[in-house]
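Lettering follows sequence order; numbering is per chain, from 1.
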Amino acid sequence: MPSSRLLLFVLCTTLDGCAGTAASSTREPVDGRNLPLPPASSVAAREQTADQQVMHALNRLAFGARPGDVQTVRELGVDRWIARQLDARRIDDTAGDAVTARYRTLGLPLPQLLDEYPPNPVLRRLARQGGAAMLRDSMRGVSRADSLEYAMLRRRSQLVGQELLSARVARAVVSERQLEEVLTDFWLNHFNVFAGKSASMRHFLVAYERDAIRPHVLGNFRTLLGAVAHSPAMLFYLDNWQSTADTGRPRLVNPRLAQAVQRRYAQRTPQLAGLTPGQRDTLVAQLQQRRRGLNENYARELMELHTLGVDGGYTQQDVSEAARVLTGWSIQQPNELGAFRFNPALHDAGAKRVLGTTFAAGQGVREGELLLDLLARHPSTARFIARKLVQRFVSDTPPAALVQRAAATFTRTEGDLREVVRTIVTSEEFFAAAAWRAKVKSPFEVVVSALRATGAAIDTTPRTAAIVARLGQALYQHQAPNGWPETGEGWINTGAILNRINFGMALASGNVPGVRLQRWTTFTELAPLPRDQQVDGVVRALLGGDVSADMRAILLSGDHPMLGRAAARDEMRDSTGAPPIRATVPPPGLAQIVGLALGSPEFQRR
Amino acid sequence: MDRRVFMRSGAMALVTMGLNPSFLRRTTFGMALPQAAKGKVLICIFQRGAADALNVVVPHADPSYYALRPNIAIARPSLAAGDAGALELDGRFGLHPALRSLKPLYDRGLLAPIVAVGSPSSTRSHFDAQDYMESGTPDRKGTTDGWLNRYLAVSGTCEAGTQCAPTPFKAVSLTAQMPRILEGPQPVVAMNSLDEFTVRATGSQADRLEALYRTGRADVIHATGSDTFEAVKMLRAANPQQYAPANGAQYPVTDFGRRLRQIAQLIKAGVGLEIAFADIGGWDTHVNQGGATGQLANRLREFGDGVAALVADLGDRMADVVILTMTEFGRTARQNGNGGTDHGHAGSMFVIGGDVRGRDVFGRWPGLAPEQLNEGRDLALTTDFRAVFDEIVGTHLGGRETTRVFPGYAGTSADWLSLLRGTGAAGVGARRG
């Protein structure tokens, strides 16, 4: 190792935040050819054909193929391409970086973001300080300049959410680090946070995705878990920021001081005026119960959803004790700074016992770190995370042997997520015939894969994200902490199928932002050819070429027996006088084939 | 495996699998509409943003009310107050004057206002409170499904029955996104508008799409796809485009009005609707909420006129329908410095239907004197919202296992308010405060 890199390596083991430096300094134009090759026999030995393996890898480790991708993977070799995706930081990603650079809000540190794009509560406070004159509903007597500025600031604040949405879709479409995008989708969902929880949440989410999730998706699980636990997004979403020691528990700070603080608080509370002393005591007790007291929400989901899993072998007692450990993990000025802060005044300083491990009294913030260590190393966590990743990458019903091997990798490497994913995506089970097109695409996957396949230009507005929402997956808007489903049953219902079909039709008739079929090379190449070659070309580009004879026949002509019957039924129905509800103008020939292929059951799978 | 063998056997499998059970159901499904015309229907309306209960069902006999709200209170019903006064209900309470169109429903015994009702959770977050009201599990964030979806699970499917064919329109939400209250494993259709529930393609194109879903392997996509095309045809046969509301019902010309009208359409089309959901926003009146007129009055007028039109339009069908209105919490008893109200605690609800024991205001009134207020600032809670939901599920919908609909809820039928006729053991008449 050259000495400069050795020095960097030493520095990086002691300092936070130099992972990026290390990566960029060692970045080289990597084509993957110098990466170690797996045994040459593996491709041939797998159940899927060589062509299927290429499509399969692109469908699972990426959001589908773009024009030219199949060729690239084939030339590089599927195993080398996978190895390259696993080493994401060494992939040159000019396209993805250009997207990020386009959105100013994505790059700002959280305090600056909150300051320059003030969320509603801050705006309202500012307005109130300015005599409430700027508030929307009391515009009388407000100078035109003031009200314009207020409206401008409101719009500015909304930009934060819009850019977050737009960039998420755009990066998934164009980034070369596709596996990193897929894993970002996975881990954002695993550690789900709901944008609608408060007006500042979109600001928090910018920092959450950028600082807590993305840097660690191919890194260490404990580091990822810690970044999430310290994030204002999660602390706010699951209320831990206001979880405090129950009354009567020992505190880290002088109890008399704490009482004085409480007294001052009581004096400032206007509801107390005009009450008898007895009534006042009852009320103070009520108020303190509300603001002060243990909140178990985060501790529970930390165990149930983030680490051990619901059957991970913990009890309600463990949840309560873990919540006590985490008291004081809070946020400093949520709307202005949004910084993590351990507040010793709120912390329960007594001893606790979680999952059979004792946490000695009075260790403060360190207890939380020890708790995260304990959870990250727990065998249930290894199994739970392994199973969920296998479910995402391989099958709705994860093969037990593969889950076991992935969990073993997790334990052996102390949660090295790159190695866990490598175990999964290079396995025999991953390339099994049973895994081929076995997963139902999420709405996000449907839209992004369609945009990639048709070589779409990126959309700089949130409109494409709105389409994803229309298909049933409003990004950053899943309310419950469990996140979106990882299985097909969760996504497919009558309304969903209809929306997916209509999305295909909309794209083919030019109603999806960024998509112009005429600019898609495959489309212009196929345009002058006869219909059968058009069908084969579209099937190759959108579905990887592997479709049933039935499907090909339906795309090719109107002669399929099923069609005759459907048409006859419609005529009967229409003769009753009920007008058919049909909206858009039919797309012409080739575009029609594209619409059918995108609306087909095959395109709903990956 | 040799690729061509794989392909061939794959294609064979597709052909033999083509006739899946869902496909066979088609005749039942597409040709004969389910005979559920006499079934019970629950329509839930969520007022998002926390409606100011104290100005919706006005406690005009409580002296503290007028002291707490010098500028925004609704006047006692009197000749002098005229149109600005509350609409007298029972000598204690009156409706906001903008709810004039609901007053006849009360007088006819169809509408039951419930006071001091809501979530036992002390949260003042819109998000959390809506979440709890929709999941039906206050203070439990981890609940993954909504209580209406859990009701669908215990209400049984029609698979075994001979009378009712399965219908895709058993539960419909007239919203762009699936609301939390209906989320869960039971199938629910969410749509912005009835006319969006269609394949946006021309005849031959739509036929080809249908053929794509009718052939191929028997899996969740194909089965549901076949159902989808039947559902579209079913709705088309019900002909929602040609709809004229009955009994001169006039829906407000707003999204909310349109959605209520479409719920009535679905009910009358006999597509087997049991649960419908719609919501209406704009209740978060922190600033200048107004009194007898103004911001809140405008929201209430749209809300009341919409509900009244729905009741008129459904006519005799109201015998089998219950409309339930809810909001995540009430607002502060005291008006704030901006002529508005802030986030409070207990709220109010309406239950409307043919089975309602009407001409009464339900729920115990806790009073608005300083020592009676929750945390010194809000109307206190005397009825857990789950007691109301539980009664409706248990009585109106005939849900067999309400404990599964409201896990962790300790209440029983003894906690019901006897809002509905046919309420079981506890049915000893309305309980008043």
Side-chain angles (χ1 to χ4, degrees), chain A residues 47 49 132 135 137-138 194 196-197 238 271-272 274-275 279 283 286-287 290 297 300-301 304 433 440 469 472 474 479-482 488-489 492-495 497-498 501-502 505 548-551 554 558 560 562-563 566-567 570 573 578-584 586 592 596 599-601 604, chain B residues 1 3 6 10-11 14-15 122 125 127 131 141-144 168 176-178 180 187-191 195 197-216 220-222 224-225 227-228 231-233 236-237 239 241 287-288 295 338 370-371 373 375-377:
Chain A
E47 283 184 17
T49 66
L135 282 179
D137 304 301
S138 50
F194 173 60
K197 164 99 181 179
L238 289 178
Q271 310 67 313
L272 297 173
L275 294 187
Q279 288 167 354
L283 186 54
Q286 248 182 20
L287 287 170
R290 208 176 84 76
N297 280 330
R300 175 173 291 109
E301 306 313 350
E304 180 178 327
V440 172
Q479 291 188 12
N482 62 331
E489 275 81 10
I492 296 302
N493 58 61
T494 51
I497 294 270
L498 200 56
I501 288 172
N502 288 335
M505 294 295 121
S548 72
D550 274 352
M551 177 165 178
I554 293 165
H560 191 271
M562 215 48 104
L563 281 177
D570 272 4
R573 186 64 45 79
I581 317 164
R582 275 160 189 175
T584 45
Q592 194 185 68
L596 287 172
S600 73
Q604 311 313 317
Chain B
M1 185 196 275
R3 175 147 191 260
F6 170 75
L14 299 180
V15 173
S122 64
S125 146
F127 161 61
D131 193 54
K141 286 259 169 85
T143 311
T144 56
Q177 298 297 321
M178 185 69 71
R180 181 82 162 95
V188 176
V189 172
M191 53 179 142
D195 27 280
F197 198 82
T198 184
V199 179
R200 295 189 185 279
T202 52
S204 67
Q205 183 94 338
D207 292 339
R208 285 198 182 82
L209 280 163
E210 179 168 356
L212 287 174
Y213 282 86
R214 292 241 190 259
T215 58
V220 61
I221 294 179
H222 280 91
T224 317
D227 289 353
T228 303
V232 168
K233 285 176 193 149
R236 198 194 307 160
N239 201 0
Q241 306 293 295
V287 180
N288 285 355
Q295 213 188 128
N338 298 90
E371 72 280 6
L373 293 176
E375 296 177 11
R377 48 179 269 169

When T144(B), V188(B), T143(B), V189(B) are compared by non-hydrogen pairs under 4.5 Å with chain A, the top option: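 Top option by heavy-atom pairs under 4.5 Å: T144(B).
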Chain A contacts, top residue of M191(B), M178(B), K141(B) (heavy-atom pairs, under 4.5 Å):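 Ranked by heavy-atom pairs under 4.5 Å with chain A, first place is K141(B).
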Residue part contacting chain B, namely of L596(A), when any heavy atom lies under 4.5 Å: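 Both parts, backbone and side chain.
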Contacting moiety of N493(A), where chain B heavy atoms sit under 4.5 Å: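 Both parts, heavy atoms under 4.5 Å.
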Point-to-point distance, once rounded to the nearest 0.5 Å, from CD of Q205(B) to CD1 of I501(A):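 So the gap between those two atoms works out to 10.5 Å.
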Name the member of [options] that forms the most heavy-atom pairs with chain B at distances under 4.5 Å.
{"options": "G196(A), G495(A), S600(A)", "answer": "S600(A)"}
{"options": "L498(A), I492(A), L238(A)", "answer": "L498(A)"}
{"options": "Q604(A), Q479(A), M551(A)", "answer": "Q479(A)"}

So which atom in [X] and which in [Y] form the shortest heavy-atom distance, rounded to 0.1 Å?
{"X": "G142(B)", "Y": "P481(A)", "result": "CA-CG, 4.2 Å"}
{"X": "R208(B)", "Y": "Q592(A)", "result": "NH1-OE1, 4.2 Å"}
{"X": "N502(A)", "Y": "T198(B)", "result": "ND2-O, 2.8 Å"}
{"X": "I497(A)", "Y": "G225(B)", "result": "CG2-CA, 4.0 Å"}

side-chain hydrogen bond (donor to acceptor under 3.5 Å, both in side chains) partners for N297(A), two or more places apart: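 With neighbours one apart ignored, the set is D239(A), N295(A).
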Any residue meeting side-chain hydrogen bond (donor to acceptor under 3.5 Å, both in side chains) with D131(B), in chain and number order, not counting sequence neighbours: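 Only R180(B) meet the side-chain hydrogen bond (donor to acceptor under 3.5 Å, both in side chains) criterion with D131(B).
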Q177(B) (side chain) donor-acceptor with A469(A) (main chain) under 3.5 angstrom: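 Such a contact is found between Q177(B) side chain and A469(A) backbone.
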Segment of A176(B) engaging chain A (4.5 angstrom heavy-atom cut-off):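 The backbone, not the side chain.
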